[in-house]
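Working notes for the structure below.
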Amino acid sequence: MKMTKIYEGSYQWLMFGRDDNKPEKIIDTNQYMVRTASRCLLIDPGGVELFAPMLAAVLHHAPVEEITDLFASHQDPDIISSLGLWDQALPSAKLHASALWEGFIRHFGCESIEYVPIQDNGGVITLDNTELQVIPAHYLHSSANFNIYDPKAKILMSGDIGAALEEPGTPIFVEKFEDHVDKMRFFHQRWMPSNQAKRAWIDRVRDLDIDILAPQHGRMFKGDDVKRFLDWFDALQVGVAV
Ligand SMILES: [Fe+2]
Ligand SMILES: [Fe+2]
């Protein structure tokens with residue numbers, strides 16, 4: 001599992017992914033960690049298959065008792081099917097995830113971890129002095145779906161929005177936006193069901209100051225490529241790949 005530091009200030013954002021030992025047939029995923037003085041939030045910690053390499057990678061950067069919070073952008077197996085294993089490794093942790101999906105996500109196993117339900121209008125996750133905003137992204141692609149925005153680091157973790165299907169070992173950031181579009185088109189047309197939801201989300205995030213847009217699959221977007229992505233997504237008809 002490779003680690004890339006994407007923000008370093010009084011706290012850090014780390015990205016984990018591009019695991020050389022990942023089983024071939026599972027989709028590649030990006031996991032993120034926000035590390036403050038005494039707490040860590042794992043954002044979309046991943047599937048069962050990824051639990052062991054993720055735990056090992058995370059413990060390089062924080063002691064187990066400081067891994068206090070998990071966040072699931074939505075209910076998918078590649079996002080949070082590892083929950084039952086984290087539940088054994090981190091019995092005092094909290095899971096921040098959709099209230100609507102609680103009864104479903106608990107099927108992955110949530111005996112000891114505290115499920116903190118996120119209401120439809122989002123909220124805030126506080127880690128020491130750092131406040132992370134939970135931004136609604138419903139129907140993109142899940143019926144109750146959230147992003148994490150950090151106004152200080154200017155990072156928007158966008159879940160499946162901005163995802164691309166890539167070769168193993170692909171670079172961490174988009175290098176040439178025009179070349180990247182072909183890797184995103186089918187994914188967004190097929191997985192994102194609603195143009196109306198897409199428009200509402202774009203209106204919401206255009207007002208945010210974003211340096212890095214960080215999806216759960218494929219490369220991150222930096223600087224002007226964030227706006228290029230929003231413009232491209234705005235113009236794309238979704239829910240039409242039938
Ligand atoms: Fe998903
Ligand atoms: Fe995903």
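All ligand and atom numbering here is 1-based and tracks the order in the structure.
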* Asked: Counting no waters, what protein N/O/S atoms lie under 2.8 Å from the Fe ion (ligand 2)?
  -> Asp78 OD2, Asp160 OD1, Gln216 OE1, His217 NE2
* Without hydrogens or angle criteria, can the side chains of Arg219 and Asn30 be said to hold a donor-acceptor pair below 3.5 Å? -> no
* Measure up the Phe221 and Phe229 rings against each other and bin them: parallel (under 30°), tilted (30 to 60°), perpendicular (over 60°). => tilted
* Sequence-distant partners of Tyr11, side-chain hydrogen bond (donor to acceptor under 3.5 Å, both in side chains), two or more places apart -> Asp150
* Mind checking salt bridge (Lys or Arg N to Asp or Glu O under 4.0 Å) for Lys183 and listing every partner two or more places apart, or none if nothing turns up? => Glu166
* Contact list for residues 86-101, test salt bridge (charged side-chain N to carboxylate O under 4.0 Å, His left out), sequence neighbours left out -> Lys94-Glu114
* Can you check whether Asp28's main-chain N or O pairs, donor with acceptor, with His217's side chain at less than 3.5 Å? -> yes
